[in-house]
Undergrad: 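Starting off with a structure, shown below.
First the proteins, then the strands, lettered A, B, ... as listed; each starts at 1. Keep in mind that what you see is a predicted model, and the values were worked out from it rather than measured.
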2 protein chains.
Amino acid sequence: MATQPVAAGRPATIHDIAALCGVAASTVSRALANPDRVNIRTRERIQAAAVELNYTPNSQAKALSSGRTGAVGVLVPDITNPFYFDLIRGTQLQLKAAGYTQLLVDTEESDEVEASTLEQLRKSADGVIVAASRLNDEALAAAAARMPMVTVNRDVDGVPAVIIDTPSAMPQALDHLISLGHTSVAYVSGPAVSQSSARRWAALSAAAESRGVDVRIIGPFAPKTQSGAAAADAAVHSGVTACIVFNDLIAIGMLQRLRERGLRVPEDMSIVGCDDIFGADFCNPPLTTMSSPIEQAGRVAVSMLLAQLNPLAGGGNRSRSVMPTHLTVRGSTGPASPN
Amino acid sequence: MATQPVAAGRPATIHDIAALCGVAASTVSRALANPDRVNIRTRERIQAAAVELNYTPNSQAKALSSGRTGAVGVLVPDITNPFYFDLIRGTQLQLKAAGYTQLLVDTEESDEVEASTLEQLRKSADGVIVAASRLNDEALAAAAARMPMVTVNRDVDGVPAVIIDTPSAMPQALDHLISLGHTSVAYVSGPAVSQSSARRWAALSAAAESRGVDVRIIGPFAPKTQSGAAAADAAVHSGVTACIVFNDLIAIGMLQRLRERGLRVPEDMSIVGCDDIFGADFCNPPLTTMSSPIEQAGRVAVSMLLAQLNPLAGGGNRSRSVMPTHLTVRGSTGPASPN
DNA sequence: CAGATTTTGGCAATCGGTTGTCAAGCCGGT
DNA sequence: ACCGGCTTGACAACCGATTGCCAAAATCTG
């Protein structure tokens, strides 16, 4: 009757196809999943019927019987942090390309939410990508032992990871400040549980020592623009002329606060951010920051996870991938004030 | 042996509990889902066993037999557009609170991707929230007939919607510009298929007519900062002294382009954005824009969808919810230049 | 205390697939 | 023409829950 491909009331099942072709449901299943196990004529009949009925396999049922869900969980501490937008977009694109569904969860910066989400995902996802985990190494390693996992910006023995190598750009940032005449610098630190923050501080203080520059640490601060106010006040109070900040969100908040207080950037204080997030190029002044290919990091994380899921598909699965980082100089850094 | 709650190799099933308690699996199912149908002593035994085995129901299996998946799809045209961050966070929070899982999909501004995603989601989600749909009314209504749906910023007969009422702030924005002496204004339009853009233009041109002001439309432009360059050039060429822009992304892009061309904002050109996204408050100059409670819109959309899913839980389900909007004046608007 | 009524809990079918097993059918080799 | 080997496709069990139905047990009624 209808020329269009049957907009039936209920989605077609494998049984509808079987009935239409006069074969058993299992034959249909095989014809679709494992074509060479079925006679080519039968197979073509079945495939034609599948198209005609507009058949799409029911993913729930498939998951139940096969054990694979075709979904991957992506855990981020805070969806509204722009840093994760690009990461999420990277994972989303790569997962879709591979035919997987992305389950995005905001763990609200909480290790408990993170842990319970991981437990839940264990049944409803084939694997997880965990960005900036708030769990301790032990818990994370235990979770990774239970299901395929790739971490982002988190190094734990035995857990494949994508590391955005901001620490390597720290000496570069410091040299940039030194070349501008700064000799007293503060590191504005992120959350205490953030391994990224710790690594950045370690790299920075090592570089400072080898160069004989005074670098102190202040914080910790939550990774939000609102924290920037307290950070700016603390930086001013500490008497430094330049700050290297855990991330761009805090840095942008500092910019705003310094302006409120009538201090000029970079004349009175130079600021270097981290991540080069959305907004870093158009804030006032534009932020000097450490840039990295975040979206690409998301894609790499997915590739590494998929390599774990289908070990056959070759390409020895690396367990650690480091993304390069470089300093992008904009307007928030300048010569140290003479006083 | 282990004092901890059994970190067994395989997640516990309803059958494990049944075996442990010496009852049938169905009794366990009832005890957990429908407690008063089971003897209190048996029930407590079962519940204790469930806790001890660290039981979590398998959502796939539950979905298969009950028909409900416990998941809700959220479709946005572009994950990296900051406008959607707050929306996504709103839906995420509300869905989690109601025990649902969020399936986030980026439809890449494509009606085809959107349509195929909806078809796919029909089996794997209980309902969908569609933000800024690129589908035509007919296709959208058809999809809504097949599964529970709530749209955001899209009005289609018979489909419940959350509308962020930016059009109502248009007269306010225009009056603001008029009060600053502007008499020649351009509307920088968004995607041709965006109903939001059309509604904003309609409201603006109506207000302009009643006030006797010249307002022309330029565009369409893609909702990205990159489009701002072309938009700024077109605006300058058209000779207007002020622009009301489809959204903040384009507006911020215009700000950058105007600066590049050596034009001052607001002295040479006033800019009014739309949405008050992340970044609108710290760009240079800070953007005058139409603000609205986006995260709340996400929460409302979820509530409306859940009302459709559980019609019992009272609260006559409204089919349309309008979110208020107001003008936020910042630094990107100022007096019209005298020439 | 018998009979009627209500609880209570087990059996089995079902959801939509996947997969192991096995009989039938086909082929060529001798 | 007979036999072994390989292909093909049907049957049925199974994944982990939900749910209708019914029998046994417990409670109430007169």
Undergrad: Between P on C/dT19 and CG on A/N34, what's the gap in Å once rounded to a whole number?
TA: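 To the nearest whole Å, that distance equals 9 Å.
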
Undergrad: Please classify the nucleic acid contact of A/V28 as base, sugar-phosphate, or nothing, using heavy-atom distances under 4.0 Å.
TA: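 Since no nucleic acid heavy atom lies under 4.0 Å of A/V28, the category is nothing.
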
Undergrad: How is A/D36 classified with respect to the nucleic acid when contacts are heavy atoms under 4.0 Å: base, sugar-phosphate, or nothing?
TA: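 Since only primed, P, OP1 and OP2 atoms lie under 4.0 Å of A/D36, the category is sugar-phosphate.
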
Undergrad: Less than 4.0 Å between a side-chain N and a carboxylate O, is that true for B/K96 and A/D106?
TA: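 Looking at A/D106 and B/K96, the cut-off is not met.
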
Undergrad: Rounded to the nearest Å, what distance is computed from the CG atom of residue B/N39 to the C1' atom of nucleotide D/dT27?
TA: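 Checked: the CG to C1' distance equals 13 Å.
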
Undergrad: If you look at every heavy atom in A/L306 and A/A98, which pair is closest and at what distance?
TA: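 Residues A/L306 and A/A98, closest heavy atoms: CD1-CB, 3.4 Å.
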
Undergrad: Can a donor-acceptor pair under 3.5 Å be found between the side-chain atoms of A/R30 and the base atoms of C/dG17?
TA: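 Not at all, since no donor on one side and acceptor on the other fall under 3.5 Å apart.
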
Undergrad: Using heavy atoms and a sub-4.0 Å distance, could you list which residues of residues 13-23 of chain B are near DNA chain C? By number, please.
TA: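 Under 4.0 Å from DNA chain C: B/V23.
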
Undergrad: For B/E114 and B/S133, test the side chains for any donor-to-acceptor distance below 3.5 angstrom and give the result as yes or no.
TA: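 A donor-acceptor contact under 3.5 Å links the two side chains.
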
Undergrad: May I ask you to say whether B/E108 pairs ionically with B/R134, meaning some side-chain N is under 4.0 Å from a carboxylate O?
TA: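 No, this pair does not count.
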
Undergrad: Does A/S26 put a side-chain nitrogen or oxygen below 4.0 Å from OP1 or OP2 of C/dT19?
TA: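 No, outside the criterion.
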
Undergrad: CG of A/D36: more than 12 outside heavy atoms within 6.0 angstrom?
TA: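 Result for CG/A/D36: enclosed.
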
Undergrad: Whole angstrom is fine here: how far is it from CZ in B/R41 over to C1' in C/dG9?
TA: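 Taking CZ of B/R41 and C1' of C/dG9, I get 14 Å after rounding.
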
Undergrad: Is the distance from OP1 or OP2 of D/dA17 to the nearest side-chain N or O of B/S29 less than 4.0 Å?
TA: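 Answer is no, no contact under 4.0 Å.
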
Undergrad: What's the separation between atom CG in B/N81 and atom CZ in B/F83, rounded to the nearest 0.5 Å?
TA: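 Interatomic distance, B/N81 CG to B/F83 CZ, rounded to 0.5 Å: 7.5 Å.
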
Undergrad: Rounded to the nearest angstrom, tell me the gap between atom CG in A/L53 and atom P in C/dG16.
TA: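 To the nearest whole Å, that distance equals 14 Å.
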
Undergrad: Could you identify which residues of residues 59-68 of chain A place a heavy atom less than 4.0 Å from some atom of DNA chain D, listed by residue number, or say none?
TA: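 Output list: A/L64, A/S65.
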
Undergrad: Would B/R320 and B/D155 pass as an ion pair if we require N to O under 4.0 Å?
TA: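 The answer is yes: the pair qualifies as a salt bridge.
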
Undergrad: Ignoring backbone atoms, establish whether A/Y55 has a side-chain N or O less than 4.0 Å from OP1 or OP2 of C/dG17.
TA: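 Yes, within the criterion.
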
Undergrad: Between atom CZ in A/R43 and atom P in D/dG9, what is the gap in whole Å?
TA: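 So the two atoms are 10 Å apart, to the nearest Å.
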
Undergrad: Within the distance-only criterion (no hydrogens, no angle test), does the side chain of B/D126 pair as donor or acceptor with the backbone N or O of B/G70 below 3.5 angstrom?
TA: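 Yes: the side chain of B/D126 pairs with the backbone of B/G70.
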
Undergrad: Which whole-number value in Å describes the distance from A/N58 CG to C/dC15 C1'?
TA: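 About 8 Å, once rounded to whole Å.
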
Undergrad: Whether A/D137 and A/R154 form a salt bridge (side-chain N of Lys/Arg under 4.0 Å from carboxylate O of Asp/Glu) is what I want to check.
TA: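 Between A/D137 and A/R154 there is a salt bridge, with a charged N closer than 4.0 Å to a carboxylate O.
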
Undergrad: Looking at B/R37 and D/dG20, is any side-chain donor or acceptor paired with a base atom of the opposite kind under 3.5 Å?
TA: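 In this structure, the two groups form no donor-acceptor pair.
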
Undergrad: How close or far is atom C1' of C/dT8 from atom CZ of B/R45, stated in whole angstroms?
TA: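 Distance, rounded to whole Å: 13 Å.
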
